[in-house]
Q: 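Quick one: structure below, then a few questions.
The shown structure was predicted, so the numbers you read here are calculated from the model rather than taken from an experiment.
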Amino acid sequence: MNTDRDDIPTESGDRGPSNSETRSNDDDVKGYSLDDDIQQHELFQYNETSDLSSKNKSIEVSSQCQNEIAQPHPINPLNLHLVSHPSRGRGVFAPTIIPAGTLIEESPVLVIAQREWEEGKMNDSVLGSYGFCWRDGGMGIGLGLASLFNHSSSPNVNFIRQFSNSTIKFITTKKIEKGEELCICYSADESKLWFVKSDQAVNPTNSQDEMVSSEEEEEEGMEGFFSKIDLDEEDLVNEDGIAQKKERERSTSTPASATSSRTSTPSSSSIYPEASSGIITSLPPPLHSTKTDPKSIDGRYMELTDELDWDEEYWTDTAPYPTGEGREDEFAEFIRIKGPAEREDEVDQDGTMEIWTLEFTDPRLTRTALDFSKELTATDERLRHLKRVCRRKENDQEICRIVLAMVTEYEQSTLQTIMASYSPTLSHLTPAVHIVPSSIARTQEQMKVKSHIWPVSFQPTPVIPIDSWDWPIGRKAWVTSGIKRVLSLALEAKSKGELPIAAYCTAQPSHFWPKKEEGFIPPTEGLRASSNDTRVSDNHPLRHSALNCIKFIAYLRTIPPFTEITPTRNGADYLLTSLSLFITHEPCVMCCMALLHSRVKEVFYVFDRSHGGGFSGSGLGINARNDLNHKFHAWKYDGTVDERTKELLKFDEDIQV
């Protein structure tokens with residue numbers, strides 16, 4: 001059994017490098033030294049033992065230390081079995097069904113500081129294969145079951161390091177069947193493993209008959225296996241057996257340089273029973289590294305998908321301009337889905353609010369009052385649209401008013417006390433309530449009206465269309481052809497047993513590129529891809545249609561002719577820069593964020609998703625938010641879809657798209 005030092009989950013589940021060159025850690029708390037950790041282990045044994053007369057030496061324990069020590073962690077509470085396998089070495093096996101989310105053990109850890117680890121050249125010793133990355137570059141040697149778990153790229157046990165009490169929690173991530181081996185993942189990147197996995201080490205002398213179990217043994221399974229062997233207390237993983245097992249592991253492990261297979265080989269004198277062919281020793285392949293052709297996706301070779309089927313010559317003609325008469329089924333209308341940033345611009349422009357202001361006539365107070373205002377409400381977004389100073393001439397005298405705060409934030413007496421403590425020159429002034437505009441000015445007319453009440457900022461907003469009524473009819477036809485394409489792809493996916501969700505990504509024809517849009521980046525012409533949802537066939541929760549399509553585009557950008565295209569400007573080489581995506585269903589929040597980070601220009605979809613849709617379904621409006629660094633247009637198809645197609649493309653609303 002070899003325990004990884006390369007990628008180990010932290011308390012939040014993250015994994016990080018641990019070799020000597022990259023053993024940095026973000027934790028600020030200093031790790032224990034070896035001597036400190038031995039003392040902690042002795043205290044643990046002290047609390048576990050009721051008969052202190054058997055101790056060869058006494059241990060003094062202060063009341064403070066007793067308060068700091070956590071409750072004792074039971075060793076092997078589930079009565080797990082330690083069993084030897086010819087190729088995988090010794091491993092931990094379940095004697096009965098274990099539900100997902102079960103705490104297997106909270107194993108104590110012997111922490112070794114980075115200096116002690118490096119000066120002792122632990123990496124070159126047998127301990128080098130059993131260390132868990134710890135804080136401050138230190139390493140932790142897991143006690144209990146911690147050093148007994150074998151590696152699997154698709155683990156059924158997760159581990160979480162508890163730095164505060166020097167333990168590691170091992171928790172099942174899925175249901176464990178009777179007789180199944182419990183495995184952890186040493187490293188998500190298996191190229192970092194210091195041994196060759198048993199299923200990759202090929203022995204040419206083995207015959208096919210030796211590698212394949214008989215039907216009788218397979219049917220008998222683990223239940224028959226445990227009924228054949230005699231497991232006594234010495235065979236179980238317990239406090240005494242751990243030390244014995246570790247000694248046997250150390251004496252039989254082979255250095256990586258000595259052989260191509262870095263697996264634990266059981267000693268011939270091992271007391272642990274040998275596994276029969278009925279034992280479950282292999283786990284499914286990992287979800288994130290399915291062995292497929294790197295040039296394929298969804299079972300198809302990655303190549304440019306077909307262009308959209310539309311009559312470009314007719315729809316882009318300008319003499320005469322196409323009317324679409326007799327071809328009404330080739331174009332449809334679309335509805336704009338607005339995000340929070342766009343909806344904020346539509347709030348009541350005539351609204352007002354109450355604020356505290358400071359009024360005075362002595363101009364020498366202006367600088368002090370203005371500095372106080374900035375310090376008091378520098379981060380209040382509700383006041384950003386207001387100019388801080390308002391000067392008005394009243395009764396032949398100039399009055400200066402300074403914005404202080406929202407009336408709801410302070411009582412008058414409290415605000416006056418704060419002013420006096422800030423500067424004695426303000427102590428004689430009394431805050432007054434003033435009514436001001438509640439929003440920025442968007443038009444020149446609004447600017448005149450609002451500034452008469454209080455000076456405000458001016459930010460003209462471009463007109464945001466609510467539908468496609470002003471589009472050229474040719475663009476409507478092109479977008480409609482994209483909708484028809486994804487509906488067809490979704491029906492095809494449905495016939496193959498997949499979720500009926502499909503996507504298609506391509507660049508808008510140059511005829512429809514904006515002529516005067518500031519900052520427009522021309523898309524990569526000819527770049528196009530299509531995909532469907534493959535969560536069913538790939539048995540992978542992330543194989544959403546939109547993500548598959550982005551993956552397809554990412555691959556195409558790595559091959560000619562797209563590798564030969566030089567970006568025209570900064571930002572032009574994002575995956576989906578200025579590209580349009582068509583998809584059958586409103587994408588989920590995760591997919592919307594992926595599209596946003598890929599800098600997609602616009603998304604067209606057919607069916608809303610009331611539970612979790614990233615545009616309107618979740619209410620988040622990922623397409624247009626001021627707190628995100630990119631905005632894109634979202635349009636919903638307003639054409640007709642025949643009832644049969646609607647029925648075929650329906651699925652559970654709780655499934656995220």
Side-chain angles (χ1 to χ4, degrees), residues 1-27 29-34 36-38 40-41 44 70 73 75-76 89-92 103-118 120-153 155-173 182-190 192-195 237 242-243 245-246 249-250 253 256 262 264:
M1 151 70 196
N2 301 299
T3 308
D4 184 23
R5 306 186 316 278
D6 290 325
D7 287 317
I8 301 297
T10 64
E11 290 181 283
S12 61
D14 296 331
R15 307 176 74 87
S18 68
N19 52 49
S20 301
E21 292 75 21
T22 59
R23 198 175 283 153
S24 63
N25 196 292
D26 293 334
D27 294 304
V29 183
K30 186 176 180 181
Y32 295 115
S33 67
L34 178 59
D36 293 338
D37 205 88
I38 291 175
Q40 290 283 351
H41 182 60
F44 174 80
H73 310 298
I75 298 298
N76 191 24
R90 286 178 282 271
V92 181
L103 175 63
I104 298 299
E105 183 184 82
E106 185 168 358
S107 304
V109 173
L110 184 67
V111 180
I112 301 177
Q114 181 179 1
R115 177 181 57 80
E116 294 170 319
W117 183 273
E118 293 175 349
K121 298 182 178 180
M122 299 291 191
N123 279 331
D124 298 329
S125 70
V126 68
L127 292 180
S129 297
Y130 291 84
F132 289 79
C133 288
W134 215 253
R135 58 174 43 170
D136 293 336
M139 300 295 287
I141 304 300
L143 307 178
L145 296 177
S147 294
L148 305 178
F149 294 104
N150 277 326
H151 164 76
S152 172
S153 55
N156 50 18
V157 175
N158 188 25
F159 58 96
I160 305 172
R161 297 174 298 174
Q162 305 288 314
F163 295 131
S164 58
N165 57 355
S166 297
T167 61
I168 301 176
K169 285 185 176 180
F170 292 88
I171 302 172
T172 57
T173 59
L182 281 70
C183 295
I184 62 176
C185 181
Y186 295 178
S187 173
D189 182 359
E190 295 194 336
K192 294 182 179 180
L193 295 177
W194 61 97
F195 58 89
V237 181
I242 290 169
K245 187 267 176 187
K246 287 170 66 178
E249 284 279 16
R250 295 169 186 169
S253 60
R262 185 69 164 89
S264 298

Q: Is any side-chain heavy atom of Trp134 closer than 4.5 Å to a side-chain heavy atom of Ile168?
A: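 The answer is yes; the side chains approach within 4.5 Å.
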Q: Has the side chain of Thr173 got a donor or acceptor atom that lies under 3.5 Å from a matching backbone atom of Asn156?
A: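 Looks like yes, one N/O pair under 3.5 Å.
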Q: Report the relative orientation of the aromatic rings in Phe132 and Phe170; use parallel for angles under 30°, tilted for 30 to 60°, perpendicular for over 60°.
A: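 Taking Phe170 first and then Phe132, their aromatic rings stand perpendicular (interplane angle over 60°).
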Q: Work out which heavy atom in Gly142 is nearest to a heavy atom in Ser147; give both atom names and the distance.
A: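 Closest approach of Gly142 to Ser147: O-OG, 2.8 Å.
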Q: Do Met139 and Met122 come close enough that some side-chain heavy atom pair is under 4.5 Å?
A: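 Met139 vs Met122: side chains apart.
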Q: Say you draw a straight line from CG of Leu145 to CG of Leu182; how long is it, rounded to the nearest 0.5 Å?
A: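 The CG atom of Leu182 is 9.0 Å from CG of Leu145, to the nearest 0.5 Å.
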Q: Go through the steps for Gln114 and Asp136 under the test side-chain contact (heavy atoms from CB on, under 4.5 Å), then give the verdict.
A: CA-CA 7 Å; Gln114 181 179 1; Asp136 293 336; 5.9 Å; no
Q: Looking at Pro155 and Cys183, what are the two nearest heavy atoms and their distance?
A: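 Here Pro155 and Cys183 meet closest at CB-O, 3.5 Å.
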Q: Whether the side chain of Ser166 engages the backbone of Val109 through a donor-acceptor N/O pair (distance < 3.5 Å, no angle test) should be reported.
A: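 Not confirmed, Ser166 side chain does not pair with Val109 backbone.
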Q: Return yes if some donor-acceptor pair links the side-chain N/O of Arg161 with the main-chain N/O of Arg135 below 3.5 Å, else return no.
A: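 The answer is no, because no donor-acceptor pair under 3.5 Å joins these two groups.
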Q: When rounded to the nearest 0.5 angstrom, what is the spacing between NZ in Lys121 and CG in Leu127?
A: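 These two atoms lie 15.5 Å from each other.
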Q: Please examine the side chains of Lys169 and Leu103, heavy atoms only from C-beta on, and report whether any two atoms are closer than 4.5 Å.
A: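 Yes, at least one pair of side-chain atoms sits under 4.5 Å.
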Q: When rounded to the nearest 0.5 angstrom, what distance separates CD1 in Ile184 from CD1 in Ile104?
A: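 Separation between the atoms: 12.0 Å.
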Q: Any side-chain heavy-atom pair from His151 and Cys185 closer than 4.5 angstrom?
A: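 Heavy-atom side-chain distance check passes, below 4.5 Å.
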Q: Pro108 and Thr167: which non-hydrogen atoms are nearest, and at how many Å?
A: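 The answer is CA-CG2, 4.1 Å.
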Q: Answer yes or no: is there a side-chain heavy-atom contact under 4.5 Å between Trp117 and Ile141?
A: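 They are in contact (side-chain heavy atoms under 4.5 Å apart), so the answer is yes.
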Q: Heavy atoms only: give me the nearest Gly91-Asn150 pair and the separation to one decimal.
A: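 So the minimum-distance heavy-atom pair works out to CA-ND2, 3.6 Å.
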